[in-house]
Amino acid sequence: MTRKTLLLASTALLAAPAFADSVEFAPVAFPNTDELKRAAIASESVTIDGKTAEIGYHVIARGGDQIGDGTWGLLTDKDGNPVVSADGSQHISVDTDFSSLLPVGDKLFSVSHFESRPGAMYLTELNQDADTGMLTPVWTRPVDFSAVGGLWVPCAGSVTPWTTHLGSEEYEPNAREVYEAEALEDIDDYFYPMARYFGLNPAEMSLEEFRGVFNPYTWGYPVEVAVNEAGEETVTKHYAMGRMALELAYVMPDGKTTYMSDDGTNVGFFMFVADAEGDLSAGTLYATKLTQTSGEGAGAFDMEWISLGHATADEIKAVVDQKPAFADIFDAAAPNEDGTCAEGFTSINTTNGHECLAVKEGMEIAASRLETRRYAAMMGATTELRKEEGITFDPASSTLFVAMSEIAKGMNGGAKQDVGGPDHIQLETNKCGAVYGMPVAADAEIGSDYVAQSMKAVIAGTMMDYADDSEFANNSCDIDGIANPDNVTFMTGTNTLIIGEDTGSGHQNDAIWALDMDTAELTRIFTTPYGSETTSPYYYPNINGWGYLMAVIQHPYGESDEDKLADPADAMAYVGYVGPFPAK
């Protein structure tokens, strides 16, 4: 379905150079039959600058596939042994997420995330057919994270300007909860499966055993994977960049400035400026403070960047290795009945609710990197954002884009998530979400040419109340608009923004959309089976003469419509691509 969609940003923000190619995808119909709702369907063709090419969705791998000697998606522990589920079976993750393409010398590799606990990444060598551009796997194996304490819930990711894979660790565990627990049941059971990485059985472990292996400050950082032509990887966690519910880190063209999105409720938006190009091991971290300039629709804001200080990975890693407790970094007090804090404590409201905290003497840098969101809130930054997701950049218009899956909770004025906080954001609820544009410019004081100046919605979903007897009854967002935008990617040189969804009730079947920034035309280009999400679309304009739009289908039948699953094999995740495209 193709339709004109309201663009909420200014014409100047969306202005594109005259040389940008036009892109027209063959539209994918709204899935309105059981057959269509079980299928993965992509545009059959694309026309770029008047030239039409046949495309489609091509699967590279599905969970459990044997590729060479490897089982793609099998979780492993710190010793490389298969992780076992509660029923005694080996755990093959259905939660595939970002999958990169990395051309290295004469080889092509892919690194794929598995958003599990323990997390995993699989390194796969791909064969690229020189005549057709089709990609097929040659071999695969898990990336070893034992040297950095394992991997936690890797979600989205990006490819750096120096062609390395930059992954993430989402939903960082709450160190205060782990510290204050008096019994294992006091700790969120979401954390328990990570114990399997260290050889513990979550069903039998004690609180002491769990605490003995579970250091919350080990996880929540950008994770870089470099691959050489021999297929050998080097893993680095970038501790100097801060710890949060990291959806993804996105490096700008200068190779120094990186933006990081923080997924969840009452979260912040962060920028890291490295000391040296191509090296994320040291630099200054910033958090944004938003000043609302419009409450219309999904809103508009001016942006101020608050410094959280300079740090190096080595100094932060040294702190992490000491296994500090939450109380080693902060003093905490219960809020007063009127919502204020005692003298000497700062009142904040973040993902963990209303807190009164004081940083212990000499622990400022540790707080800034191990408790980045809490510290940012204490410094006056905005921590009211909701479900902050993917990031991408259009160099032609110098615009950064970020998806916000839902406008709700802390983004509403006077919500309970604002108690004790500054209530910087006061918008009406939009459970269908929005994508924001942020023009970037040089800032001499910060030392970057890519500093976001303001933030304004460029497109928003529309909440709907379809009749129970309508064919659209299982959709609460307009079926011809976006629902809960997740990850985004820009087709450079074409003025086309690609928007993927992670939606439950918004759309029964998640979709990927192409938004023409010139015409405001929104085209559905991909739909996924029941209960899945479209994770991490990512555009590669030219790999050896071919272009690709990577597209992952995560947990089919797993987020909704579980009763529709007829064959367990259908629940396995897919990684694949829409294309191949003519190279740009």
Side-chain angles (χ1 to χ4, degrees), residues 21 23 25 40 42-49 51-63 65-73 96-114 121-143 157-167 225-234 487 489-494 498 512 525-526 534-553 573-584:
D21 288 344
V23 177
F25 286 90
S43 296
E44 295 179 351
S45 65
V46 64
T47 302
I48 301 178
D49 202 24
K51 297 178 182 179
T52 299
E54 300 300 313
I55 56 173
Y57 185 60
H58 304 282
V59 178
I60 295 173
R62 295 195 68 179
D65 281 357
Q66 293 297 126
I67 304 172
D69 295 329
T71 302
W72 195 76
T96 313
D97 207 296
F98 178 67
S99 295
S100 60
L101 295 179
L102 304 174
V104 183
D106 293 329
K107 300 284 188 67
L108 180 61
F109 299 97
S110 177
V111 176
S112 296
H113 289 184
F114 292 84
M121 294 188 196
Y122 266 73
L123 173 63
T124 305
E125 183 181 348
L126 301 176
N127 178 68
Q128 183 185 42
D129 189 293
D131 296 324
T132 65
M134 295 297 182
L135 305 178
T136 53
V138 178
W139 56 259
T140 195
R141 60 174 172 76
V143 176
S158 63
V159 176
T160 66
W162 51 94
T163 319
T164 59
H165 176 104
L166 190 58
V225 180
V227 182
N228 64 24
E229 195 169 1
E232 301 163 334
E233 78 275 9
T234 302
N487 287 126
T489 187
F490 205 89
M491 295 184 67
T492 51
T494 70
I498 302 296
I512 293 178
I525 66 172
F526 189 52
T534 61
T535 61
S536 298
Y538 205 87
Y539 178 63
Y540 299 84
N542 188 346
I543 297 179
N544 302 319
W546 300 96
Y548 303 90
L549 175 62
M550 292 295 285
V552 177
I553 301 173
Y574 309 59
V575 66
Y577 57 92
V578 178
F581 297 87
K584 286 284 297 168

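Residues: numbered from 1 along the sequence shown.
- Between A42 and G56, the closest heavy-atom pair is CB-C, 3.9 Å.
- In this structure, Q128 contributes its side chain and I543 its backbone to a donor-acceptor pair below 3.5 Å.
- Looking at T71 and Q66, their side chains do bring a donor and an acceptor atom within 3.5 Å of each other.
- How far CD1 of I525 is from OG of S43: 5.5 Å, rounded to the nearest 0.5 Å.
- Counting heavy atoms from C-beta on, the side chains of M491 and P541 never come closer than 4.5 Å.
- Between L126 and P137, the shortest heavy-atom contact is CD2-CA, 3.9 Å.
- Note on ring orientation: taking the six-membered ring where Trp is involved, the planes of Y574 and Y57 are tilted (angle from 30° to 60°).
- At least one donor-acceptor pair closer than 3.5 Å links the side chain of N228 to the backbone N or O of A230.
- A perpendicular orientation is assigned to the rings of F114 and W72, their planes being inclined by more than 60° (bins at 30° and 60°).
- With a 4.5 Å cut-off on side-chain heavy atoms, L102 and V159 count as touching.
- The shortest heavy-atom contact between Y538 and T489 is CA-OG1, 3.7 Å.
- Residues satisfying the side-chain contact (heavy atoms from CB on, under 4.5 Å) test with A130, not counting sequence neighbours, are none.
- Atom CG in D49 sits 10.5 Å away from atom OG1 in T494 (nearest 0.5 Å).
- The CZ atom of F109 sits 5.5 Å away from the CH2 atom of W139 when rounded to the nearest 0.5 Å.
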For I55 and F25, what are the C-alpha separation, side-chain angles and deciding distance, and is it a side chain to side chain contact (heavy atoms under 4.5 Å, CB included)? CA-CA 10 Å; I55 56 173; F25 286 90; 4.1 Å; yes
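- The two residues M121 and H165 make their nearest non-hydrogen contact at SD-NE2, 3.9 Å.
- If you take CD1 on I48 and CG on D21, they are separated by 7.5 Å, rounding to the nearest 0.5 Å.
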Might you work through the side chain to side chain contact (heavy atoms under 4.5 Å, CB included) test for I498 and I512, ending with a clear yes or no? CA-CA 7 Å; I498 302 296; I512 293 178; 3.5 Å; yes
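- Residue T124 holds its OG1 atom at 11.5 Å from CG of L135, rounded to the nearest 0.5 Å.
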Can you check side chain to side chain contact (heavy atoms under 4.5 Å, CB included) on F581 and V46, steps first, answer last? CA-CA 8 Å; F581 297 87; V46 64; 3.6 Å; yes
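- Y540 places no side-chain N or O within 3.5 Å of a backbone atom of M550 that could act as its donor or acceptor partner.
- In plain terms, the two heavy atoms of D131 and D129 that are nearest each other are N-OD1, 2.8 Å.
- Under a 3.5 Å cut-off, the side chain of S110 and the backbone N or O of S99 do not form any donor-acceptor pair.
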After noting the C-alpha distance and the side-chain angles of K107 and V227, does the key distance pass the side chain to side chain contact (heavy atoms under 4.5 Å, CB included) rule? CA-CA 10 Å; K107 300 284 188 67; V227 182; over 6 Å; no
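- A distance of 8.5 Å separates CD of E125 from CG of L108, quoted to the nearest 0.5 Å.
- In this structure, Y548 and Y577 have perpendicular ring planes: the angle between them is above 60°, well past the 30° mark.
- Closest heavy-atom contact between E229 and D106: OE2-N, 2.9 Å.
- Between the side chain of T140 and the main chain of L123, a donor-acceptor pair closer than 3.5 Å is present.
- Among N127, I67, I60, the single residue meeting the side chain to side chain contact (heavy atoms under 4.5 Å, CB included) criterion with T136 is N127.
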